[in-house]
Amino acid sequence: MDSTRVTEQPTSYERPDPGVTPADAHGVFLPASAPAHGPGSTSSSSPPTSSSAPASPASLASSGTTGPGAEHSQPHAGQESEPDAHRPRPAPEGIPLQPAGGQRTDVHDHPAADHPAAAPPAPRGAPEEQEDQERGDPERGEQGRGSREPAPQDRSAPVSDGLDRRSGQITPPGKPTPMRRDGDRLRFVGAATRRIARGIDLEEIVMGLCRATVPTFADTILVYLREPLPVGDERPTGPLVLRLRRSDRIPAERDTEGGFASAAAPARSELDSIGSERCTVRPGSALAEVLRGVRPVFTDAPAARAALPELLGEGAESTVPDGQRAILAPLRGRRRVIGAALFLRGPERVAFEADDLLVAAQLATHSALGIDKAVLYGREAYIADELQRTMLPENLPRCTGVRLASRYLPAAETARVGGDWYDAIPLPGSRVALVVGDVMGHSMTSAAIMGQLRTTAQTLAGLDLPPQEVLHHLDEQAQRLGADRMATCLYAVYDPVAHRITIANAGHPPPILLHLGGRAEVLRVPAGAPIGVGGVDFEAVELDAPAGATLLLYTDGLVESRLRDVWTGIDQLRDRLAATAQLTGPDHPPPLEALCDEVLDMLGPGDRDDDIALLAARFDGIAPNDVAYWFLEPEDAAPGRARRLARKALSRWGMEDLSDSVELLVSEVVTNAVRYASRPVTLRLLRTDVLRCEVGDDVPQLPRLRQARATDEGGRGLYLVNRLARRWGATRLSTGKVVWFELNHGG
C-alpha cells in the first residue's frame with residue numbers, strides 16, 4: 001500500500017458570500033449559506049454511498065479511515081485512485097473534512113461528522129502551488145477552478161438553521177456574525193487602521209473609524225471628543241467637556257461597494273436613542289477614572305457602569321445592552337485623553353469577547369493619534385491661510401476712475417501659501433498704482449519674502465516715485481534679504497485724468513490690454529531683469545489707457561505649466577479674453593468678476609504647477625469737463641481767489657448746494673499752503689461720484705490734526721476739514737505734498 005501525503009485544508013469559521021473579503025472594514029460577516037450538496041446527493045466523480053448503511057471494519061481499514069462514524073466510504077483497496085487527486089492530510093483537530101466526492105453532509109444529520117474522512121490520494125510529486133490552486137482562495141470563500149474538494153466547514157460556523165455552535169445562540173438572517181479567529185481580528189484591524197489613516201482632517205478620521213467599525217465590529221458607535229481639542233503642547237484650560245462628534249449605526253442599506261452583498265435592513269432598536277450631545281467630566285468621578293485608565297473596558301464592570309450616566313445622560317445607561325455588549329474605549333493622543341468611543345452590540349448579536357478589547361484598543365489608539373495629527377494639520381493650515389490672507393489685500397481700494405477685481409489661487413491644497421502677490425495703491429492726483437509680483441517658490445519662506453517686498457512697494461508708492469525707481473529700490477531690498485531672493489514684478493501707474501499709464505517691468509510676463517471693441521493686445525513692455533539680480537537699470541514706458549479698456553496683470557502660473565511654455569499660454573490667454581469680449585458686444589465690456597472667472601476656467605488638469613495671482617483694472621477715466629485746475633501764487637490774496645474759482649466751477653456743474661462748505665474748506669487748506677510755500681500752489685476739483693478737492697504745494701511736511709487751545713488764534717483749519725469732509729488726507733510727494741478732501745454730492 002502506497003504511502004500517502006496529507007493535504008491541510010484551510011479553516012474558516014465564517015463563510016462570506018462569493019466576492020466578499022472578510023478582512024475589509026466595509027464587509028459584513030454573513031452566516032454561511034445552506035450546503036450546496038445535501039445528504040444523499042451524488043457526484044459524477046464518485047458513486048453515491050448510503051449514509052445509513054454502516055461501514056464494515058474491513059472496508060474502513062482498507063480505506064485508511066479511522067473512527068466508527070465516517071461519513072463516506074473510500075474506494076476499495078484494489079481500485080486505482082485518480083492520478084490528479086489530492087492525497088489526504090490529517091485535518092486539524094476539531095475541524096471536519098468534507099467528502100472527496102463533492103458530497104456534503106449536514107452536521108445535524110450525522111453525529112460523527114466531526115471525524116475527518118480520507119480523500120482520494122494524489123500523485124506523490126504534486127506541488128503545493130497546485131494544491132492551493134485546486135483548493136481555491138480561502139479568503140474569497142470560493143473554490144478554485146478544477147477543485148475536487150469543497151472548502152471544509154468549521155463546526156463553529158453557523159449552520160443552516162442559524163445556530164452558532166460556539167456561542168449556542170441563533171444568528172438571524174442578515175445579521176453579522178462575530179469574528180472568532182485571531183486571523184479575522186488581525187485582518188479587520190489592519191483594514192480598519194488603513195481606512196482611519198487615509199483621513200487627513202478631523203471629520204475624515206472620525207468618519208473612517210465609524211465606517212470601519214459598523215457593522216463589522218459593532219452595531220452602533222458613539223465618538224465623543226474634547227471641546228475644544230488641544231493643539232500640540234497646549235495646556236487646556238477649564239473643565240474637561242466631551243461633545244458627541246459622530247454616532248453611527250447599521251445603515252438601512254448595507255454598503256455594496258467593492259462587491260459586498262447587501263443584507264436585510266435591521267429594524268430600529270433602543271440603541272438609536274443612546275447618547276447625549278455634551279457632558280462635563282467632573283474631577284474624581286467614575287467617568288474621569290475610566291478615562292484616566294486609558295484601556296478599554298466592558299461596561300458591565302462596576303466602574304464603567306457608573307460612568308455611563310455621566311457620559312450618556314441620566315437614564316440613558318439603562319438602554320445599554322446587558323452583559324459584555326458594550327465597550328468604552330478612551331481616546332488618548334500623544335499627551336492627554338482627547339475623547340472616548342463607545343462600541344455597542346444589540347441583544348440579538350453575540351456579545352464581545354475578551355480579545356475584542358484588544359481590537360477596541362487598537363482602533364482607539366490609531367484614531368486618537370490620527371485626530372492629534374489632524375488637529376495639528378488644521379492649525380498649520382489655519383496659520384498658512386491667515387498668513388496668506390494678511391500678505392494679500394483683504395479688499396481692493398475704491399479708486400477714482402478705475403474699477404478693480406482680483407483672484408488668487410495657491411499651487412495646491414497642501415501648499416496654501418506662495419510668493420505671488422497683487423496690490424492696488426491709491427496715489428495723489430487720483431492716480432492708482434497697480435502691482436503684481438512673483439517670488440520664486442511657493443513655501444512659507446516665499447510668502448515671508450513676498451510680504452516684505454509688498455510692504456516695501458507700498459512704502460515706495462507712498463513717496464510717489466516713478467515706476468522704474470520703485471523697481472530699483474525693490475531690487476536693493478531683495479539683495480539685502482539674501483543672495484538667492486529672486487522675484488519678478490510689474491509696476492504700473494494709471495492716471496485717470498490724462499488717460500495714460502506708465503509701466504515698468506522686472507522680468508515679469510507682459511500685461512494684456514483688452515480694448516472696448518474686443519481686441520486683446522499684449523503690451524510691448526521691456527522685460528528687464530528679475531528683482532534680486534542687482535546692478536540692472538529698469539526702463540518705464542508710457543502708453544495710452546482709453547476709457548472702457550481693461551488691463552490684465554497676472555503671474556506666470558496662469559500661462560506656464562509642464563504642458564505648455566509661457567508664450568503659448570499668453571497667446572491662449574489673449575484669445576480667451578477676445579472671445580469673452582465678443583459675447584458682450586463691441587460697445588459693452590465684459591463684467592470684471594465674470595471676466596476673472598472666465599480667465600481661470602482656461603486652466604486644465606495639468607496647468608496648476610504654481611501659484612496664480614490675477615489683477616484686472618477697468619479704465620473708466622475722468623472726462624476733461626469734470627476737472628477744474630488752477631495755479632495760485634503764494635500770496636495773501638490766494639485764499640480769496642480760490643474761493644471764487646471754486647464757486648464758479650460748482651455753478652457750472654450744478655452743485656451750488658456745496659458752495660458754502662467747499663469755499664470754507666478750500667479757504668482753510670489754501671491758507672495753510674501759501675503760508676509756507678515758495679512756489680505756486682495748485683488747486684484741482686474733480687467731479688466723479690464724489691466731489692474731490694486737491695491742494696498741492698512744495699513743502700514736504702505733512703499737516704497734523706491737533707486740538708487748538710482756547711487762546712490760540714489758529715490751528716482750527718484741519719479740525720473744520722475733519723468735521724465737514726467725507727474723507728480727507730495728506731500725501732507726501734517727491735516735490736512736496738498734496739492735501740485733499742472729499743464731499744458727497746448731497747452736501
Side-chain angles (χ1 to χ4, degrees), residues 12-14 16 20-29 138-140 176-226 229 232 245-251 254-260 291 293-298 326-345 349 352-378 414:
S12 176
Y13 290 94
E14 291 82 27
V20 180
T21 304
D24 193 276
H26 279 298
V28 178
F29 288 93
E139 293 188 6
R140 292 181 58 87
T177 59
M179 293 176 290
R180 292 299 185 183
R181 294 183 302 164
D182 293 339
D184 289 339
R185 290 187 174 91
L186 289 176
R187 283 190 291 270
F188 165 73
V189 170
T193 53
R194 285 193 300 271
R195 182 163 192 168
I196 295 170
R198 284 199 297 264
I200 195 173
D201 59 11
L202 182 61
E203 293 297 333
E204 291 179 353
I205 293 174
V206 175
M207 183 177 66
L209 171 63
C210 295
R211 296 280 178 87
T213 304
V214 178
T216 309
F217 184 69
D219 294 337
T220 302
I221 181 175
L222 283 75
V223 181
Y224 287 85
L225 294 182
R226 192 167 191 157
L229 280 169
R245 190 77 185 196
R246 187 181 178 92
S247 61
D248 274 12
R249 62 180 294 272
I250 296 180
R254 296 283 176 81
D255 185 5
T256 59
E257 178 183 357
F260 295 108
L291 295 179
V294 176
R295 298 181 180 277
V297 294
F298 290 119
I327 297 177
L328 180 58
L331 302 178
R332 180 177 177 83
R334 295 184 303 165
R335 298 184 181 275
R336 60 185 63 86
V337 173
I338 60 175
L342 184 62
F343 304 94
L344 300 169
R345 284 184 180 177
R349 188 170 177 178
F352 288 111
E353 298 179 352
D355 290 342
D356 291 327
L357 291 176
L358 302 178
V359 175
Q362 287 291 324
L363 296 178
T365 300
H366 283 274
S367 300
L369 294 177
I371 291 171
D372 247 1
K373 294 178 181 178
V375 173
L376 288 174
Y377 171 79
T414 55

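This chain uses plain numbering: 1 for the first residue, then up along the sequence.
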Legend entry - Gap between atom CZ of R198 and atom CD1 of I205 - 0.5 Å precision: 12.0 Å
Inset, instruction - Evaluate the criterion side chain to side chain contact (heavy atoms under 4.5 Å, CB included) for residue pair V206 and L225; output intermediate values, then yes/no. - result: CA-CA 10 Å; V206 175; L225 294 182; 4.0 Å; yes
Inset, instruction - Could you tell me how the ring of F217 sits relative to the ring of F343: parallel (under 30°), tilted (30 to 60°) or perpendicular (over 60°)? - result: perpendicular
Legend entry - Closest non-hydrogen atom pair between A329 and A360, with its separation: CB-O, 4.4 Å
Legend entry - Interatomic spacing from OG1 in T216 to CZ in R211 - rounded to 0.5 Å: 12.5 Å
Inset, instruction - Can you measure from CG (L291) to CZ (R336) and round to the nearest 0.5 angstrom? - result: 14.0 Å
Legend entry - Distance-minimising heavy-atom pair for A368 and G333: CB-N, 3.9 Å
Inset, instruction - Can you see which heavy atom on S367 is nearest to which on I196, and at what distance? - result: OG-CD1, 3.4 Å
Inset, instruction - Output yes when a side-chain donor or acceptor of R226 lies under 3.5 Å from a complementary backbone atom of V337, and no otherwise. - result: yes
Inset, instruction - Locate the shortest heavy-atom distance separating Y224 from L331; write the atom from each residue and the value. - result: O-CD1, 4.1 Å
Legend entry - Option from L328, V214, I221, L222 for which side chain to side chain contact (heavy atoms under 4.5 Å, CB included) with L344 holds: L222
Legend entry - Least distance between heavy atoms, F352 atom then A218 atom: CZ-CB, 4.3 Å
Legend entry - Polar side-chain atom of R245 near backbone of E203 as donor-acceptor pair, under 3.5 Å: no
Legend entry - Between CG on residue L358 and CZ on residue R295, distance to nearest 0.5 Å: 9.0 Å
Inset, instruction - Sequence neighbours left out, what passes side-chain contact (heavy atoms from CB on, under 4.5 Å) with T193? Give chain and number order. - result: V189, H366
Legend entry - Heavy-atom closest contact (C210 atom, R246 atom, distance): SG-CD, 3.6 Å
Inset, instruction - Hey, could you give me the CZ/CG distance between F188 and L363, rounded to the nearest 0.5 Å? - result: 5.0 Å
Legend entry - Test log, rule side chain to side chain contact (heavy atoms under 4.5 Å, CB included), inputs V359 and I327: CA-CA 11 Å; V359 175; I327 297 177; over 6 Å; no
Legend entry - Side chains of L202 and L229 in contact at under 4.5 Å (non-hydrogen atoms): yes
